[in-house]
Structure formats: structure tokens, C-alpha cells
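Only one structure is covered here, and it is reproduced in the block below.
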Amino acid sequence: MAEAKMNKTDALRYFWGKAHPENQMQASDSSTLMHPLIAHVLDVAAVAILLPGSDRLGLDNRQLGMLIALHDIGKLMPSFQKKVPACWPKQGLGSYSENYIESRHDADGFLLLSYFCAEALDSLFKNSDDAQLDWLESEKDQLWRAVAGHHGKPAACDWDKRKQDPSFKFIAPYAQQFIQILLKVFNPPALPLFHSPDCLRRLEWQLAGLTNQADWIGSQKTWFPYVTPDAVMDATAYFWNHALPHAQKAILQAGLGPVEVASFQGIERLFSHIQKPSPVQDVMQSVALPDGPALVIIEDMTGSGKTEAALVTAHRLMASGRASGLFVALPTMATAHAMYDRLVEAYRNLFLPSSRPSLALAHSRALLDERFVSVLAPDDALDVTFIPDDRASAAEICCSAWLGRDSRRALLAQVGVGTIDQALMAVLPVKFATMRQAGLAGKVLLVDECHAYDSYMQEEMAALLRFHAAMGGSAILLSATLTGAVRQKLTTAFQDGLRIQETATLSSAAYPLVTLVGAENVLELPCNARDELKRTVAVHLISDEASVVHIIKDAAAKNAAVAWVRNSVDDVIASAQALTTDSIKPIVFHARFAMIDRLAIEREVLRRFGAKSSEADRAAVLIASPVLQESLDIDFDVLCTDIAPMDLVIQRAGRLQRHKRNKRPIESEELYILSPVTEKNVDKNWISHFLPKTAGVYRNAALLWRTADVLKHEKEIKSPENIRYLIEQAADLSDVPEALMGDRNSAEGRGRAEKGLAMQNVLNYEAGYAPDVALWESDIRTPTRLEDEPHVTVRLAIIEGQTVRPWAAFIDSSLETQHQQKRAWALSEVSVRRKQLAHCLIPPEAKEAASRARSVWSWWEREAEDQFLLLLLTPNESGWQGSGRNGKGQDVVIQYDQLYGLQIFPAISG
DNA sequence: AAGAAAAAAAAA
């Protein structure tokens with residue numbers, strides 16, 4: 001029996017917007033199997049209107065609500081409605097049919113808005129009868145693609161072909177009626193014509209981000225329980241009485257409720273441990289900041305208190321209304337953790353005590369961090385009415401589970417700390433980049449250690465700064481030293497984003513230095529160094545390994561703390577073995593250990609050589625790979641290093657007699673650099689004959705030669721006086737030996753290629769949120785970092801009978817529990833070049849146990865079988881061993897022990 | 001001919 005068809009307005013409430021997948025349905029209560037489309041779009045519109053920060057778009061709430069509510073109009077199409085047959089709106093579409101062409105509702109939505117319903121939307125753009133004041137079609141399309149592209153990338157399809165689908169003719173009247181209903185709910189005044197294309201472009205990106213964000217919140221079923229079609233009989237009533245109150249609560253539970261920035265009242269109020277501000281902190285407290293969006297670059301020595309100076313700057317920018325929050329980007333997960341720990345103490349002081357801002361940790365492994373997980377409030381358990389009244393609870397950290405459980409959402413937290421990669425993905429055509437943009441918008445972007453990047457990442461950084469400035473954001477960059485070229489590049493990028501025609505030229509060579517960049521002017525402000533940090537290190541170039549060994553043995557005999565930074569892991573292990581005697585037992589430190597062992601070594605190294613180490617503990621020899629130049633706060637009486645590029649040599653030298661100590665076995669500050677002799681007539685194997693593995697790691701021999709040669713003449717590293725000079729001199733490769741020019745040129749070529757690749761990959765702000773102007777989620781994910789060579793992640797495991805245990809659980813039995821499984825596996829990882837190890841052998845009798853072990857890994861870890869290798873270890877006389885094949889398919893033996901780490905040898909055949 | 005360290009990974 002044919003159902004009597006309803007009129008369109010009545011029928012519309014039966015179209016669904018959200019529904020359970022068929023198999024999870026419970027037939028008992030058919031009325032709430034689905035959430036009506038009208039209800040869903042009003043929910044999302046309500047969220048958008050109430051989200052703090054949505055006022056930055058500069059739209060009237062009625063206009064904003066209208067635009068956002070249109071985001072899912074494509075779901076009216078039968079090709080969407082048929083997806084859940086039980087929810088098919090027969091009241092409008094007649095009896096169910098499967099015969100509709102497959103399509104995407106985001107692309108269909110765009111077509112409805114831009115083409116089939118243009119007239120119905122006229123009133124939204126009609127300012128007067130003067131056609132001069134009308135919006136252009138292309139301008140309207142910018143808005144439509146922003147709201148339609150809410151599935152992580154711009155909606156796309158073969159538009160001309162898709163238009164031919166007869167369903168459009170059939171659905172258009174419904175869509176027009178749908179629009180009428182929304183117009184009645186919101187009653188939006190006409191959108192003013194934008195006086196500049198820049199403003200419209202910004203609105204396009206902002207609207208795309210906000211739609212996305214509001215859709216994610218508005219799609220949470222726990223916050224927006226399904227309602228019956230009857231509930232939206234009166235759409236206006238639903239919006240006011242249902243959508244808005246639910247949205248308000250949802251926003252609070254998402255941890256995105258309104259917060260108020262405290263006024264800036266001096267660095268001591270922000271950090272209780274600071275009694276006397278350092279010079280750079282003094283400057284950043286008092287200097288006049290440029291008007292409008294600002295870029296601040298702080299170059300100063302490690303230990304100068306840059307981070308606090310930067311947070312002071314961020315607070316001042318926030319307090320002056322230029323930002324509502326902060327994201328701190330760091331080069332590694334480890335440094336992100338350290339920064340998180342520092343912010344835990346201070347971040348609440350940025351806001352009024354009555355505000356409850358979230359502090360989120362944003363990187364791929366944040367959920368393996370016990371401390372972060374422990375502060376995550378369970379969804380819905382957050383008491384939204386709770387306002388702490390005593391200081392103790394006001395000081396407590398918080399982060400909603402909704403924000404904390406996904407790295408893209410984590411960027412939305414008022415204060416975020418994470419890897420730089422999380423921010424960079426905002427300017428790459430990866431899925432939900434607009435979410436990340438929304439997270440960064442209106443925040444101060446604080447990038448720490450921003451010298452630590454290659455050409456590819458530098459170009460991404462420039463793109464990020466350009467984008468951030470164009471969106472009206474401010475940024476702070478921290479570094480020990482940047483070359484003039486890099487500082488100029490980043491400054492120009494920021495000014496580009498501000499639409500400055502004639503960007504500033506930087507000139508200062510002072511150090512330490514604060515660079516203040518605004519739209520109007522640029523100021524380079526020399527700054528004093530902290531007295532305690534001023535120092536002179538004597539540099540000795542040594543051209544034979546035996547002498548280094550001799551120096552180390554000599555120092556060890558005097559009970560000094562001595563370290564040798566070697567460039568390759570194999571060299572580290574070989575030298576450690578060669579140095580081992582009855583009295584010397586070197587500590588070996590590199591990254592080819594299972595993470596749990598590496599962390600244990602790190603703790604041991606900190607204990608022995610850290611600020612609080614005792615004289616007895618310090619009498620030790622450490623042989624380390626370049627991991628040592630990373631952020632560990634340790635110091636040595638004597639330091640040796642293989643030759644490396646200048647900035648790294650300086651960084652390594654920072655580990656020499658860094659702390660004040662009453663008495664040292666060796667008082668003079670001397671750095672010994674193992675390097676071949678620098679002469680003009682060297683041959684092209686200058687470095688590879690002398691330190692073959694170093695030649696593989698630092699592939700620009702000219703740069704190494706130049707570094708050694710500059711240091712040979714300069715003879716000392718003097719902070720702060722000659723730091724800038726050393727860096728700039730070493731970077732100048734115009735006059736290197738003839739034989740090394742080939743190397744220099746190919747390194748330059750690689751750099752240029754990387755830069756080109758990055759330029760090709762990053763989003764073009766100007767081109768807008770459009771499908772064809774970037775490789776949006778093409779076949780290969782656009783990476784935040786280039787990998788020069790493919791690596792595999794090896795997960796170490798112990799096999800005993802039929803049980804496979806992660807190595808970490810074997811080392812630390814507290815990791816044996818069910819809920820620690822993921823952490824245990826992550827702590828058992830080592831990264832190895834695929835060339836060395838491509839496949840691990842699993843004996844047939846262990847196959848079953850091995851696949852049982854793998855089954856608890858996440859879907860991509862299981863999926864990428866050649867990327868995540870399970871290595872089964874069995875004990876042998878010197879530790880543990882397993883077997884596998886290298887990249888060429890040859891059999892190899894893998895040796896593992898806690899002293900030297902992972903080593904791979906060719907298998908002895910026969 | 002040699003090879004550090006570092007990040008990311010679904011959906012609305």
C-alpha cells in the first residue's frame with residue numbers, strides 16, 4: 001500500500017542525519033534509531049555559535065548559524081539516505097530503492113548550495129537592488145566549499161558529470177524547503193560584501209575549521225542524544241530549547257568552555273621560582289611589543305631562561321587580546337614531555353583562577369604517557385558546574401578526555417604542548433588539516449629549538465608562519481642561534497602572511513638577540529648574556545684516534561667525568577669495547593636500544609653526570625652517539641667529539657663543565673675534536689678515509705672541513721662573543737678545497753630538492769580550501785619530515801615456550817598487566833635501517849604465539865607488516881639473539897644486550 | 001663507501 005505522501009516541510013523531518021549502523025540497531029525503539037537531519041544541523045550550528053572564538057570570524061551569529069547549518073545539506077540526497085534502509089524517509093522519497101548512483105554527500109552538498117539552490121539562498125547575499133553590491137558566484141563558492149568540505153578535505157568530484165544525476169532535480173525542491181526552514185530559524189541579515197579578498201579568504205579557512213570542529217562536537221551521541229522526528233516539528237523551538245542548551249553543555253564537557261586570561265603582572269607571578277629575572281627575561285617583560293600580530297624571535301644560550309621569557313611574551317600577547325591560548329611546539333616527543341612538566345607548574349597562572357583551561361599533550365604517543373592519561377577526565381564525568389574555590393584545586397591540571405584522546409583535537413586545548421609535526425600538519429594537505437588550523441588560530445604559536453630543522457622542515461615552518469600570520473596569529477621562535485639566512489627567511493614568511501609588500505631586511509649580528517617583527521616595523525634588540533653563562537672553551541683538533549683514546553684514559557685515571565661523542569653507533573660500540581679495561585668500564589649511550597633500556601641509561605647518565613652528581617659518581621667514561629647533544633642537562637670535565645657541523649659542535653661543547661662545581665679533577669675547559677687535518681689540497685676522500693661512518697652521517701664534507709678549519713684558526717668557542725661568527729663562518733662554503741666542491745654542490749642540490757618538495761607539498765593559503773590546488777590526501781600521506789632512508793620499527797620480544805612477552809615486560813614486570821600492554825610494546829621498540837634488517841624469522845612452532853602477540857597491536861601496526869617487525873629473542877652466552885634477513889635478503893644474526901644495544905651481523909653459513 | 005636522530009599512522 002502506497003503511503004500518502006506528505007508535504008515537503010512535514011516530510012523533511014524524516015530525513016536522517018545520524019544513524020546507527022544497521023547491525024547495531026535495536027528494533028525495539030524505532031523512533032530513536034536515527035537523529036533527524038534538521039536536528040543534527042541545528043545542533044552543529046548551535047555549537048559553532050557558542051564556541052568561544054567563533055566571534056573571530058566577524059559574522060553575526062544568525063549568519064554564522066545559517067552557514068554552518070547548511071554543512072550537511074547533501075545528506076538529503078537519496079544516495080545518502082539509502083545507506084541505512086531502516087531509516088529511509090519514505091514519507092518524502094516513497095518506497096525504498098537501492099538504485100541510486102553512489103556519491104559523497106559533501107560533494108553533493110556543494111552542488112546543491114552552489115548550483116541547484118542558488119536562488120533559495122539569494123536573500124543571504126542580497127544587500128540592495130544594486131547589482132554592484134552583489135556577491136560574485138566565485139565568492140559564494142568560497143563559503144560553500146568551506147562548509148561542504150567538512151570531511152577533512154575539500155569536497156571533490158567530477159562536477160559536470162555529477163550534475164547530470166536526476167536525483168538532484170528531484171531533491172532540489174526539498175533542499176530549497178530545507179533552506180527555508182533554516183532561514184526561518186536564523187533569520188540572517190544579508191552578508192555584507194567583503195571589502196577585500198584577503199578578508200574573504202580568511203573567512204573561508206576559518207569557516208572550514210569551525211564547521212569541522214563544531215561537527216565533531218555536534219556528532220557526539222552522548223552529548224546530543226537522538227530525538228524523534230516530531231521533536232523538530234518546530235525547528236525554531238528545537239534550536240532554542242534543545243540545541244543551544246545541549247551545545248553549551250557539550251562545549252564545557254569538551255573542555256572548550258570560555259576562559260579568561262589573567263592580566264600580566266610580572267614574571268614572578270607566572271613562575272614562583274624566579275626571583276631575579278635574567279637579562280632576556282627582563283627584556284621580554286618590559287619591551288614594547290609591536291601592534292597587531294607579532295613575531296618574536298629570541299636567540300640566546302641554553303640556560304638563559306629563554307623558555308620563561310617566551311612564556312612571559314606569550315602571556316603579554318594574550319593579555320593584550322591578541323591571543324586566547326598557546327601552543328608550544330618542540331622537535332621531539334621527549335622534549336615535549338619535559339616542556340609539559342614545566343607548563344604544569346605555570347599554565348594556570350596565564351588565566352584567572354576561576355577559569356579551567358585544559359593543558360593537552362599533543363603527539364602520536366601522548367596516550368602512552370602515564371602522567372597525561374592520569375589527568376584526563378573521563379568524558380561526561382567532568383563536573384561542568386564545578387568551580388574550584390581553594391588554591392589547591394585551582395592549581396590542578398586538567399584536560400578533558402575529548403581533547404586528550406586525539407592529537408587533532410588536542411590542538412584545540414587552550415594550552416597545548418606537542419611535537420612541531422602536529423602544528424606542521426595544519427599546513428599540509430592531510431586529512432582534517434582544517435581542524436589543526438582551527439586549533440592554532442587565535443593562539444600564540446611558540447616554536448622551541450627552531451634551528452633544529454632541515455631544508456624540508458624549514459620550508460614547512462615558513463609556510464606555517466605565513467599561514468598563521470594570515471589568520472591573524474602571533475608567534476614566538478626560540479633558538480640557541482639561527483643563521484642570518486634562516487632568521488630572515490622566517491621573518492619574511494611572517495610578513496608575507498601579513499600582506500606586507502616590502503618585507504624588512506635584517507642586519508644585526510648581535511648575540512644574544514631579540515627580533516620583534518610586526519606589520520609596521522621590525523626591531524632587532526641586542527641583549528646581555530647571563531653572567532654565569534659567559535665562558536671560553538679551548539678547542540683542540542686531533543687527527544689521530546689513538547691520541548683521543550690516550551686523553552680519555554688519562555682523564556679517567558684522574559677520576560674525571562669524560563665523554564666522547566662519536567657520530568655512528570658502530571663507532572660508539574667499537575670504541576667502548578676498545579677502551580674497556582679492568583679499571584675502565586665505559587657507559588654506552590645511543591638510540592639503538594629498546595626504549596625501556598634507553599630510558600634507564602638516560603637516568604643513569606643523569607645521575608652520574610647531572611647537576612647534582614657526586615664526585616664518586618662522576619668518575620666514569622661515557623661513549624655516546626649524537627643523542628648526547630639533545631636536551632639532557634649533564635656536564636663533563638673532559639669532552640671529546642668526532643668532527644660534526646658547527647652548530648652541533650657548539651651544542652656538544654655545551655656539555656663541557658656546564659654546571660658550577662667547587663672542584664674538578666681537571667679544571668681547564670678543553671674540547672678535543674677528532675678530525676682529519678684541514679689543508680687546502682685535501683682529496684675528495686678527506687673525511688671518508690679518516691672517519692668513513694661520519695661521512696655517511698654528515699654527508700657534506702665541505703661543511704665538516706669548513707667547521708674544522710674555522711675552529712683551527714679561531715682556537716676557542718667563546719660565549720657569547722664568537723658564537724654568531726663561528727656559525728656564519730662555517731656556513732660560508734664559498735672557499736673550500738677544490739676536491740670537496742662536488743660534495744658541497746650535491747648537498748646544496750639535495751637541500752634545494754627538499755625545499756622544492758616542501759613548497760610543492762604545503763597548502764597555499766592564497767589558493768583557498770579547494771580540491772584541485774593541493775594533493776589532498778593523495779595516494780601517499782604527505783610527511784612532516786623526509787626520511788632519507790627507510791627504517792623499520794623492531795619490537796623486541798622474549799619467547800618462552802608458547803608465550804611471547806614484550807621485552808619491556810621482561811625487564812619490568814609491572815608492565816605485564818593487560819592495560820599496560822601497549823606501553824610495554826612501545827617500550828620494546830628499536831628503529832633500524834631497513835637495509836640492515838628487513839625481516840625477522842619466526843620459527844614455525846612460534847608462529848601461533850607470535851600472531852597472538854601481534855593481535856594486541858593497533859590496526860596500522862598490524863597492517864604495515866614490513867614496517868613493524870616482531871623480533872623473537874632467545875638467550876645466548878653474551879645476551880640475547882634472534883635471526884632475520886637484511887634488505888638484500890641475506891641472513892643476519894641479531895645480537896641484543898643491555899650494555900651495547902642492538903647489533904646486526906652477517907650470519908655465518910654452514 | 002659510509003649511515004644519527006627524529007615523527008606519523010581512522011572516523012564525525
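Within every chain, numbering begins at 1; the chains are lettered A, B, ... in the order of the sequence lines, protein sequences first and strands thereafter.
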Side-chain N or O of [X] less than 4.0 angstrom from OP1 or OP2 on [N]?
| X | N | answer |
| --- | --- | --- |
| A:R365 | B:dA7 | no |
| A:S625 | B:dA5 | yes |
| A:H590 | B:dA5 | no |
| A:S219 | B:dA11 | no |
| A:Q836 | B:dG3 | no |
| A:K835 | B:dG3 | no |
| A:R409 | B:dA10 | no |

So what does [X] hit on the nucleic acid, given a heavy-atom distance under 4.0 Å: a base, only sugar-phosphate, or nothing?
| X | answer |
| --- | --- |
| A:V569 | sugar-phosphate |
| A:H150 | nothing |
| A:E789 | base |
| A:A695 | base |
| A:D570 | sugar-phosphate |
| A:R652 | nothing |
| A:T419 | sugar-phosphate |

Mutual orientation of the aromatic rings belonging to A:Y340 and A:F372 [parallel < 30°, tilted 30-60°, perpendicular > 60°]: perpendicular
Parallel, tilted or perpendicular, as decided by the 30° and 60° cut-offs, for the rings of A:W402 and A:W223: tilted
The side chain of [X] lies closest to which of these nucleotides: [options]?
| X | options | answer |
| --- | --- | --- |
| A:R833 | B:dA12, B:dG3, B:dA9 | B:dG3 |
| A:Q422 | B:dA2, B:dA8, B:dA9 | B:dA8 |
| A:W859 | B:dA10, B:dG3, B:dA8 | B:dA10 |
| A:S568 | B:dA9, B:dA12, B:dG3 | B:dG3 |
| A:D215 | B:dA12, B:dA9, B:dA7 | B:dA12 |
| A:W860 | B:dA8, B:dA2, B:dA9 | B:dA9 |
| A:R785 | B:dG3, B:dA12, B:dA7 | B:dA7 |
| A:D788 | B:dA6, B:dA7, B:dA11 | B:dA6 |
| A:Y698 | B:dA1, B:dA4, B:dG3 | B:dA4 |

Specify the separation, in whole Å, of atom [atom1] of [X] and atom [atom2] of [N].
| X | N | atom1 | atom2 | result |
| --- | --- | --- | --- | --- |
| A:N567 | B:dA5 | CG | C1' | 12 Å |
| A:L786 | B:dA6 | CG | C1' | 12 Å |
| A:E460 | B:dA8 | CD | P | 12 Å |
| A:E861 | B:dA8 | CD | P | 13 Å |
| A:D454 | B:dG3 | CG | P | 21 Å |
| A:N685 | B:dA1 | CG | C1' | 9 Å |
| A:L367 | B:dA10 | CG | P | 13 Å |
| A:D683 | B:dA1 | CG | P | 15 Å |

Short side-chain donor-acceptor distance under 3.5 Å, A:H40 and A:D72: yes
Side chains of A:Y698 and A:D642, donor plus acceptor under 3.5 Å: no
side-chain hydrogen bond (donor to acceptor under 3.5 Å, both in side chains) partners for A:H363, two or more places apart: A:H337
Partner of A:R785 by side-chain contact (heavy atoms from CB on, under 4.5 Å), out of A:D454, A:D421, A:L424: A:D421
Stepwise salt bridge (Lys or Arg N to Asp or Glu O under 4.0 Å) check, A:R592 with A:D570: CA-CA 10 Å; A:R592 224 195 282 154; A:D570 289 341; 3.4 Å; yes
Pairwise 5' ranking along DNA chain B for A:P331 and A:T694, keeping only the more 5' one: A:T694
